[in-house]
Amino acid sequence: MSPEAEPIEIRAQGLGKAFGQHWVLRGVDLQIARAELVAIVGMSGSGKTVLLDLLTGLLEVSEGRVLIADHAEAGSPLVELSELDEQDLDALRMHWAIVFQHNALFSATVRENCALWLRENARMSEKEIDKRVRWALKAAALDVDSVIDKHRDALSGGMAKRVAVARAIAMDPAIIFYDEPTTGLDPIVAGEIHGLIWDTHNLARADGTRRTSVLVTHDKDLLRRLRPRVIMLHKGGVCYDGPYDEFGKDGCGIAGEYLSAMPVLHARNPG
Ligand SMILES: Nc1ncnc2c1ncn2[C@@H]1O[C@H](COP(=O)(O)OP(=O)(O)O)[C@@H](O)[C@H]1O
Ligand SMILES: [Mg+2]
């Protein structure tokens with residue numbers, strides 16, 4: 001590792017997951033460093049969400065292991081997820097935020113949605129929480145005064161996604177995970193969310209360290225615009241792992257097939 005290299009945030013080794021006899025993932029190795037923007041792609045049913053759930057400890061691994069940087073400790077040492085009890089896992093999760101595919105906002109106002117985690121975890125006064133919530137909504141490019149007292153059910157799809165991202169930003173996470181952040185949004189709103197993901201990735205953290213973003217997506221425009229590192233899953237394993245600009249050029253046959261189903265991307269990669 002060169003001296004200027006960023007520390008490792010996530011390392012999966014020989015990772016596998018079976019449901020009954022059905023192995024969804026097998027032998028997955030990957031490593032994600034701090035400050036990386038990584039997109040996990042693959043056909044529907046290829047195990048993208050399962051991988052995200054394994055990396056975040058929402059699912060138990062069947063084989064292999066997941067190591068994650070523990071930001072509660074000095075130097076953020078890597079710890080093995082399966083060796084943590086619920087309490088340690090909760091402490092670890094303090095430093096991550098997950099933006100779920102369907103946002104997982106609870107039935108209350110925008111303010112309550114953004115404040116709840118802070119109230120339960122951040123030892124902040126109500127005044128400080130209010131300030132933080134407003135700052136996060138603004139960072140998510142929302143008009144704070146017009147949106148803060150709206151009920152979840154009054155939000156459009158794009159606004160609900162912004163609120164879900166604002167809630168994540170309010171936590172100032174070291175790692176932010178997104179599952180299909182633009183699925184179901186119209187192309188214009190999806191384009192705005194691409195910008196929001198980019199801005200959130202680059203938003204300075206309170207301690208001055210860089211944020212890591214991991215997203216599951218099959219949005220070709222997102223890949224084209226954000227040019228992330230791409231990890232492609234196929235037949236239970238990683239069939240491509242590298243820069244977006246090389247994606248589909250390295251002999252991973254399935255990546256070519258995947259790209260040909262993605263006309264915009266393909267147009268960028270003739271031959
Ligand atoms: N809880 C579960 N029980 C059984 N099978 C599951 C479960 N979750 C996911 N699967 C299976 O794992 C495979 C990958 O699912 P998923 O990760 O959701 O795919 P995607 O890449 O579309 O996100 C699918 O075949 C799915 O049926
Ligand atoms: Mg999925």
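The shown structure was predicted, so the numbers you read here are calculated from the model rather than taken from an experiment. Each ligand, and each atom within it, is numbered from 1 in the order the structure gives.
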Undergrad: Please report the C-alpha distance between D207 and T209 in whole Å, then the side-chain angles of each, then the deciding distance to 0.1 Å, and finally whether the side-chain hydrogen bond (donor to acceptor under 3.5 Å, both in side chains) criterion is met.
TA: CA-CA 6 Å; D207 69 359; T209 59; 2.6 Å; yes
Undergrad: How long is the straight-line distance from CG of L15 back to CG of L51, given to the nearest 0.5 Å?
TA: 6.5 Å
Undergrad: Determine yes or no for a side-chain-to-main-chain donor-acceptor pair under 3.5 angstrom, with E246 supplying the side chain and P243 the backbone.
TA: no
Undergrad: Please check if a non-hydrogen protein atom sits closer than 4.0 Å to atom 27 (O) of ligand 1.
TA: no
Undergrad: Where the closest heavy atom to atom 11 (C) of ligand 1 is concerned, which of L233, I40, D179, V24 has it?
TA: V24
Undergrad: Verify the neighbour count for atom NE2 of H102: are there more than 12 heavy atoms of other residues, nucleotides or ligands below 6.0 Å?
TA: no
Undergrad: Out of K150, R119, R152, R167, which residue meets the salt bridge (charged side-chain N to carboxylate O under 4.0 Å, His left out) rule with E112?
TA: R119
Undergrad: Considering G236, A18, G42, G45 one by one, which has a heavy atom nearer to atom 20 (P) of ligand 1 than any of the others?
TA: G45
Undergrad: Just wondering, is there an N, O or S atom on S44 that's nearer than 2.8 Å to the Mg ion (ligand 2)?
TA: no
Undergrad: Indicate, as side chain, backbone, both or neither, the part of T49 found under 4.0 angstrom from ligand 1 when only non-hydrogen atoms are considered.
TA: both
Undergrad: Which ligand 1 atoms are under 4.0 Å away from a heavy-atom of S44?
TA: 22 (O)
Undergrad: Using side-chain heavy atoms (C-beta onward) and a distance below 4.5 Å, is F177 in contact with I10?
TA: yes
Undergrad: Hey, is H22 one of the residues with a heavy atom under 4.0 angstrom from ligand 1?
TA: yes
Undergrad: Suppose we measure from atom 17 (O) of ligand 1 to each protein heavy atom; which comes out shortest, and what is that distance?
TA: V50 N, 2.9 Å
Undergrad: Give the residue and atom name of whichever protein heavy atom lies nearest to atom 8 (N) of ligand 1, and the separation in Å to one decimal.
TA: F19 CZ, 3.5 Å
Undergrad: Go through it in stages, so that I can follow the logic: the residues are R211 and D172, the test is side chain to side chain contact (heavy atoms under 4.5 Å, CB included), and I'd like the CA-CA distance, side-chain angles, deciding distance and then a yes or no.
TA: CA-CA 9 Å; R211 196 183 316 284; D172 193 26; 3.8 Å; yes
